[in-house]
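Only one structure is covered here, and it is reproduced in the block below.
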Protein chains: 2
Amino acid sequence: MRADARRNREKVLRAAYEAFASEGRGVSVQEIARRAGVGTGTVSRHFPTKEALYEAIVLDRMEVLAGAAEGFAAERGPGEAFSAFLGFMVDEGALDHGLADALSGDGFDVVAAARGTGHDVVEVLGALLARAQEAGEVRGDVDAADVKALVSGCIARGRGGADEAARRRTVAVVLDGLRPRA
Amino acid sequence: MRADARRNREKVLRAAYEAFASEGRGVSVQEIARRAGVGTGTVSRHFPTKEALYEAIVLDRMEVLAGAAEGFAAERGPGEAFSAFLGFMVDEGALDHGLADALSGDGFDVVAAARGTGHDVVEVLGALLARAQEAGEVRGDVDAADVKALVSGCIARGRGGADEAARRRTVAVVLDGLRPRA
DNA sequence: AGACAAACGGGATGCCCGTCCCGTATCTTC
DNA sequence: GAAGATACGGGACGGGCATCCCGTTTGTCT
């Protein structure tokens, strides 16, 4: 692969990340090309379809989430690790409209896209959830998909990083609701 | 207004309701016209833009929600009425993709559209919420917009009426989380 | 029943978008 | 430094959509 080709590929990835983050899955390819400072042809040569580009970005973000989950699991107890990861997902989603779109699962199947990469959100979240449930810190009758949906609700509150206090309130409600019933 | 014009207007409204419900805000005007059994011209004569048609449908749905809220408020206590309405919103949203899109508030501002109609969800929900909070049945630090966001999360779980059990689980989590802290 | 106005259908129009293509520019290798 | 391959830019193309328009049909009123 030629050096300029690799450079441009990186530029496209960075620009696409920012564009998807600020405008969501709907940004036009032309806007991404403009932000990257390349032609639209260069974008579609490196990524044959817009969907492929979006998927690449989302999987990158999934890796970040998976890394964070691993960190939390290593340095905190079951309940704390789960709570921290939930809050982390919501914060990331609020700042990244593209990630929020992926997590809301409307028209794009993150789970299918991430299958086999080891960075599937539902798998990663499921592991933390299972540990917290075994420790008796989270009610046992919910699954990872339930939690993902609740997280997407929290993300909807205060999109774009605005109204951080409201976002935290909704997270607090969900975490309280997830405690085992007395 | 001519009789056939009023008939067609009704046909369009019914078809649009069904089309938005099953496919969301993104359905094409042509699809709505097809379902109504009229030409696209008839649709846009009665509703100058697709947005205007969508708004009409959403406001209709808001009226239904407001009516249900009134009923619950009349025949149940503060906490029960609030819980029932929350569950009702989620059930309605799960069956109506168009309503779900409106409630998620991504690209369409229900609150602004319903302002002054007396059927604004946030107002209606806010009234039930305030009553439940005063009775000490719901924690006092959340507002109606918080609840709306949490509801949209529940709707996201089991869209299209599928997986009703999962939907009920998420509602239960939210209701538990909304109880005053012990 | 006849005449006029109102409404209809669906094709025409213009816009935006993703993808493909090709003449031109740039990099790499010998 | 020259030759060949590789990648670039951005316009061309095709498709989908909302909206507009106009020749035709239908309802209404006298």
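Excluded from the calculations below are hydrogen atoms, water molecules and symmetry mates; all remaining heavy atoms, backbone and side chain alike, are included. All chains are named by letter (A, B, ...) in the order of the sequence lines, taking the proteins before the strands, and each is independently numbered beginning at 1. Everything quoted here is computed from the prediction, not taken from an experiment.
Remark: P of dC17(D) and CD of E23(B) are 10 Å apart, rounded to the nearest angstrom. At whole-Å resolution of the value, CZ in F47(A) and C1' in dG18(C) are 16 Å apart. Spacing between atom CD1 of I32(A) and atom P of dG10(D) amounts to 17 Å, rounded to whole angstrom units. Look at NZ on K50(B): it is 15 Å from P on dC20(D), rounded to the nearest Å. Atom CD in E10(A) sits about 15 Å away from atom P in dA7(D), given to the nearest Å. Whole-Å rounding puts the R7(B) CZ to dG27(D) P distance at 7 Å. Regarding D4(A), its CG atom lies at a distance of 10 Å from the P atom of dT26(C), rounded to whole Å. Rounded to an integer number of Å, the gap from CZ of R34(B) to C1' of dG9(C) is 16 Å.
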Practice item. Start with the C-alpha distance between R168(A) and E164(A), add both sets of side-chain angles, then the distance that settles salt bridge (Lys or Arg N to Asp or Glu O under 4.0 Å), and finish with yes or no. Key: CA-CA 6 Å; R168(A) 296 212 182 293; E164(A) 187 182 324; 2.6 Å; yes

Check your understanding: salt bridge (Lys or Arg N to Asp or Glu O under 4.0 Å) between K11(B) and D4(B): does it pass, once the steps are laid out?
Key -> CA-CA 10 Å; K11(B) 281 203 285 186; D4(B) 57 340; over 6 Å; no

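Of the candidate nucleotides dC27(C), dT26(D), dG9(C), dG9(C) has the atom lying nearest to any side-chain atom of V38(B). Of the candidates dT19(D), dT19(C), dA7(C), the closest approach to any side-chain atom of T49(A) belongs to dT19(C).
In this structure, T42(B) reaches the dG9(C) phosphate: one of its side-chain N or O atoms is under 4.0 Å from OP1 or OP2. Note on S44(A): every side-chain N or O is 4.0 Å or more away from OP1 and OP2 of dG18(C). Put simply, H46(B) has a side-chain N or O that comes within less than 4.0 Å of OP1 or OP2 on dC8(C). Using a 4.0 Å cut-off, no side-chain N or O of N8(B) falls inside it from OP1 or OP2 of dA7(C).
A donor-acceptor pair shorter than 3.5 Å can be found between the side chains of R35(B) and S22(B).
Between the side chain of Q30(B) and the base of dG16(D) there is no donor-acceptor pair of N/O atoms closer than 3.5 Å.
Applying the 6.0 Å contact sphere to CD of E70(A) captures no more than 12 heavy atoms from other residues, nucleotides or ligands. Crowding of E23(B) atom CD: a count of heavy atoms from other residues, nucleotides or ligands under 6.0 Å exceeding 12.
Across all strands shown, V43(A) has no heavy atoms under 4.0 Å from either base or sugar-phosphate atoms. S28(B) comes within 4.0 angstrom of the backbone, heavy atoms only, and of no base.
Comparing R45(B) and A3(B) by the nucleotide of DNA chain D whose heavy atom lies nearest to each, the residue mapping closer to the 5' end is R45(B). Nearer the 5' end of DNA chain C, as judged by each residue's closest nucleotide, is the contact made by R2(B), out of R2(B) and G39(B).
In this structure, the side chain of R131(B) engages the main chain of A73(B) through a donor-acceptor pair within 3.5 Å.
R34(A) has a carboxylate O that lies under 4.0 Å from a charged side-chain N of E31(A), or vice versa, which qualifies the two as a salt bridge. Between D143(B) and R169(A) there is a salt bridge, since a side-chain N of the basic residue sits under 4.0 Å from a carboxylate O of the acidic one.
For DNA chain D, each stem of at least three Watson-Crick or G-U pairs (distances under 3.5 Å) is given as range with range: C:1-30 with D:1-30.
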